[in-house]
Amino acid sequence: MSRDEHLKKRWEILVNKLSEQFSDGDPLELDGIIYLVGIQELGQYHRRYKKDDKLDLMHIAICRLLEPYGYYEFEFFDEEGWPHYTTKEVLPALKPGEQSILMKEAIVDYFMEKEYID
């Protein structure tokens with residue numbers, strides 16, 4: 001099985017598992033999964049978030065997801081427990097499809113690292 005086929009299969013497994021757990025089975029989209037990663041990384045599960053907070057959560061997630069690729073580096077937690085990252089390397093200009101593949105790969109790797117999927 002090719003690398004792309006492995007990614008596609010793992011992505012489908014992940015989406016199904018997360019959708020069952022967090023959206024009553026309605027398939028989660030990429031942005032929704034990124035948001036869940038942000039909440040996971042912040043660790044403040046039982047609170048309501050404002051619109052600006054939701055964007056910040058997605059930013060946290062993207063930084064954490066792309067950290068293993070060398071684009072970001074964790075710097076510190078602020079007094080409210082929010083993680084902060086510094087940019088190590090500017091992301092290359094990617095077409096939308098390439099961005100999607102990179103994020104899906106990073107998300108699958110993240111959830112494999114967390115032992116949520118195999």
For atom NE2 of H59, decide whether the heavy atoms of other residues, nucleotides or ligands shown that lie under 6.0 angstrom number more than 12.
no

Over all heavy atoms of both residues, which pair between A61 and G38 is shortest? Give the atoms and the distance, please.
CB-N, 3.4 Å

What distance do I39 atom CD1 and H46 atom NE2 have between them, rounded to the nearest 0.5 Å?
10.5 Å

Nearest heavy-atom neighbours spanning Q44 and E80:
NE2-O, 2.9 Å

If you round to the nearest 0.5 Å, how far is CE of M103 from CH2 of W11?
8.5 Å

Decide yes or no for K54 and M58: does some side-chain heavy atom of the first lie under 4.5 Å from some side-chain heavy atom of the second?
no

Nearest 0.5 Å, please: how far is CD in E41 from OH in Y110?
3.5 Å

Using the six-membered ring wherever Trp is involved, compare the ring planes of Y116 and F111 and label them parallel, tilted or perpendicular (cut-offs 30° and 60°).
tilted

Where the side chain of S23 meets the backbone of S19, is there a donor-acceptor pair that is under 3.5 Å apart?
yes

Honestly curious: do I62 and L55 fall in one hydrophobic cluster under the side-chain, below-4.5 Å linking rule?
no

Between the side chain of E105 and the main-chain N/O of L7, is any donor-acceptor distance below 3.5 Å?
no

Among I117, D118, V108, find the residue that satisfies the side-chain contact (heavy atoms from CB on, under 4.5 Å) test when tested with I13.
I117

In terms of hydrophobic clusters joined by side-chain contacts under 4.5 Å, are V37 and Y45 together?
yes

How many angstroms lie between NZ in K104 and NZ in K8, if you round to the nearest 0.5 Å?
9.0 Å

Kindly indicate whether the side chain of I107, heavy atoms from C-beta on, has any atom under 4.5 Å from the side chain of L30.
yes

Same hydrophobic cluster for F77 and Y49, using side-chain heavy-atom links shorter than 4.5 Å among ILVMFWY?
yes

Is there side-chain contact between Y72 and E89, with heavy atoms separated by less than 4.5 Å?
no

Calculate, to the nearest 0.5 Å, the distance between atoms CD and CD1 belonging to Q99 and I101 respectively.
11.0 Å

Using the salt bridge (Lys or Arg N to Asp or Glu O under 4.0 Å) criterion, which residues pair with E113? Sequence neighbours excluded.
R64

Check against side chain to side chain contact (heavy atoms under 4.5 Å, CB included), L102 and L66
CA-CA 9 Å; L102 174 62; L66 297 179; 4.0 Å; yes

If you count every heavy atom of other residues, nucleotides or ligands that lies below 6.0 Å from E29 atom CD, does the total exceed 12?
no

The single option from I34, L14, I33, N16 passing side-chain contact (heavy atoms from CB on, under 4.5 Å) against L28
I33

Is any side-chain heavy atom of E75 closer than 4.5 Å to one of Y85?
no

Would one find more than 12 heavy atoms of other residues, nucleotides or ligands at under 6.0 Å from atom NZ of K114?
yes

Got P83 and L42 here, is their nearest side-chain heavy-atom distance under 4.5 Å?
yes

